[in-house]
Structure formats: structure tokens, C-alpha cells
Amino acid sequence: MVLGNVDSGVPNVLVAGPQNSTYINITTPVEIANMAKDTLEMEVFLEKGIAISGKVASGSNKIEGATVFVKGKEHITTLTDSNGNYKFGIPAGFLKLLHKKQAILLMKSKMIL
């Protein structure tokens with residue numbers, strides 16, 4: 001991972017795996033102390049998760065561009081495609097998936113994986 005043009009301090013950085021992979025997104029603090037360099041290199045390891053997929057729809061209307069995320073872990077997220085389908089990696093356990101899109105009510109799903 002390479003960061004550029006970042007102010008000094010300890011910002012949280014979102015690290016995501018390749019699109020449609022089962023790697024779990026994480027946020028991690030990065031200490032930026034030496035501003036003599038304008039680039040910081042670091043190695044980050046992502047955990048493989050469980051592949052989950054589904055569809056977001058309202059009746060027979062497919063919802064494109066809806067955000068699907070894990071409640072309490074909003075950095076673990078994906079968007080639905082033009083057919084309302086989504087696929088991403090999530091951690092195992094009891095989770096609540098939430099779906100949202102601007103101007104559409106928040107929808108909830110509960111599952112144990």
C-alpha cells in the first residue's frame with residue numbers, strides 16, 4: 001500500500017481487497033511521523049472471509065447502486081450492480097446486513113454464518 005500527500009498524525013486508512021473477492025475490508029491507523037518523505041509504504045494483511053451474495057430489490061424492481069454493509073462494521077461494504085446483485089467477503093458469525101440507497105428506506109437482513 002502506498003499513501004501520498006497525507007498530513008502528519010495518525011489517520012485511519014481503509015484497506016480493501018480486490019473487487020468481488022472474499023477478503024475482509026479493514027480500517028487501520030497509520031502513524032505518519034516523518035514528513036521528510038512524501039510517500040509512506042507499508043504492508044497490510046487482509047483476512048479471508050465468507051463469500052456472501054444476494055440481491056436488493058423492492059418488489060420486482062432491482063436496486064442498482066445500493067450500499068450493502070455489515071452493521072457495526074460499516075467499512076465492510078459493497079455496492080449492488082445494475083441487476084441489484086452483490087457479492088463480498090464478510091467475517092463469520094452472527095451479523096446484520098444493512099442495505100441503503102439515497103431516497104430508499106434502510107432494509108435489514110439477519111443471518112448466522
Side-chain angles (χ1 to χ4, degrees):
M1 176 171 72
V2 177
L3 303 175
N5 298 320
V6 180
D7 294 330
S8 54
V10 185
N12 280 321
V13 176
L14 172 66
V15 180
Q19 189 173 2
N20 294 321
S21 73
T22 60
Y23 288 103
I24 300 169
N25 296 352
I26 62 169
T27 55
T28 185
V30 176
E31 184 173 349
I32 301 171
N34 182 357
M35 292 311 296
K37 296 181 177 180
D38 63 359
T39 303
L40 170 70
E41 292 184 30
M42 62 183 290
E43 193 170 19
V44 178
F45 296 95
L46 296 176
E47 178 183 340
K48 274 264 194 182
I50 296 171
I52 186 165
S53 61
K55 180 177 283 217
V56 178
S58 178
S60 62
N61 298 321
K62 302 163 193 160
I63 309 295
E64 178 181 1
T67 301
V68 181
F69 61 96
V70 176
K71 182 177 182 182
K73 298 179 184 290
E74 283 76 9
H75 60 278
I76 303 176
T77 184
T78 193
L79 292 174
T80 58
D81 65 17
S82 60
N83 293 312
N85 297 314
Y86 64 87
K87 179 182 175 184
F88 66 130
I90 62 172
F94 180 78
L95 304 169
K96 287 185 181 182
L97 285 183
L98 301 179
H99 317 268
K100 69 178 180 179
K101 182 161 182 174
Q102 192 171 8
I104 295 178
L105 290 174
L106 190 68
M107 296 175 276
K108 300 179 182 180
S109 301
K110 294 180 184 179
M111 59 190 63
I112 300 174
L113 302 171

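Heavy-atom basis, side chains included; hydrogens, waters and symmetry copies ignored. None of the values given here were measured: they were computed from a predicted structure.
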| query | With a 4.5 Å heavy-atom cut-off, do Leu98 and Val70 have their side chains touching? | reply | no
| message | Using only atom types and a distance under 3.5 Å, with no angle test, would you say the side chain of Thr80 pairs donor to acceptor with the backbone of Ala66? | response | yes
| Measuring from Ile26:CD1 to Glu47:CD, what's the distance to the nearest 0.5 Å? | 9.5 Å
| field | Backbone of Lys62 reached by a side-chain donor or acceptor of Glu64 within 3.5 Å | value | no
| Hey, quick one: are Val13 and Leu46 part of the same hydrophobic cluster, counting side-chain heavy atoms closer than 4.5 Å, chains of contacts allowed? | yes
| Which distance, rounded to the nearest 0.5 Å, do you find between the CG of Asn25 and the CD1 of Ile90? | 12.0 Å
| Rounded to the nearest 0.5 Å, what separation is found between the OG1 atom of Thr22 and the NZ atom of Lys48? | 3.5 Å
| Among all residues two or more places apart in sequence or in another chain, which pass the side chain to side chain contact (heavy atoms under 4.5 Å, CB included) test with Thr78? | Val68, Tyr86, Phe88
| To the nearest 0.5 Å, how far apart are CG in Asn85 and CG in Leu79? | 13.0 Å
| Results of side chain to side chain contact (heavy atoms under 4.5 Å, CB included) for Ser21 - residues two or more places apart only | Pro18, Tyr23
| query | With side chains defined as the heavy atoms from C-beta onward, is the minimum distance between Ile63 and Ser58 less than 4.5 Å? | reply | yes
| message | In the structure I gave you, are the side-chain heavy atoms of Lys100 and Phe69 within less than 4.5 Å of one another anywhere? | response | yes
| What is the distance from atom NZ of Lys55 to atom CG of Asp81, rounded to the nearest 0.5 Å? | 8.0 Å
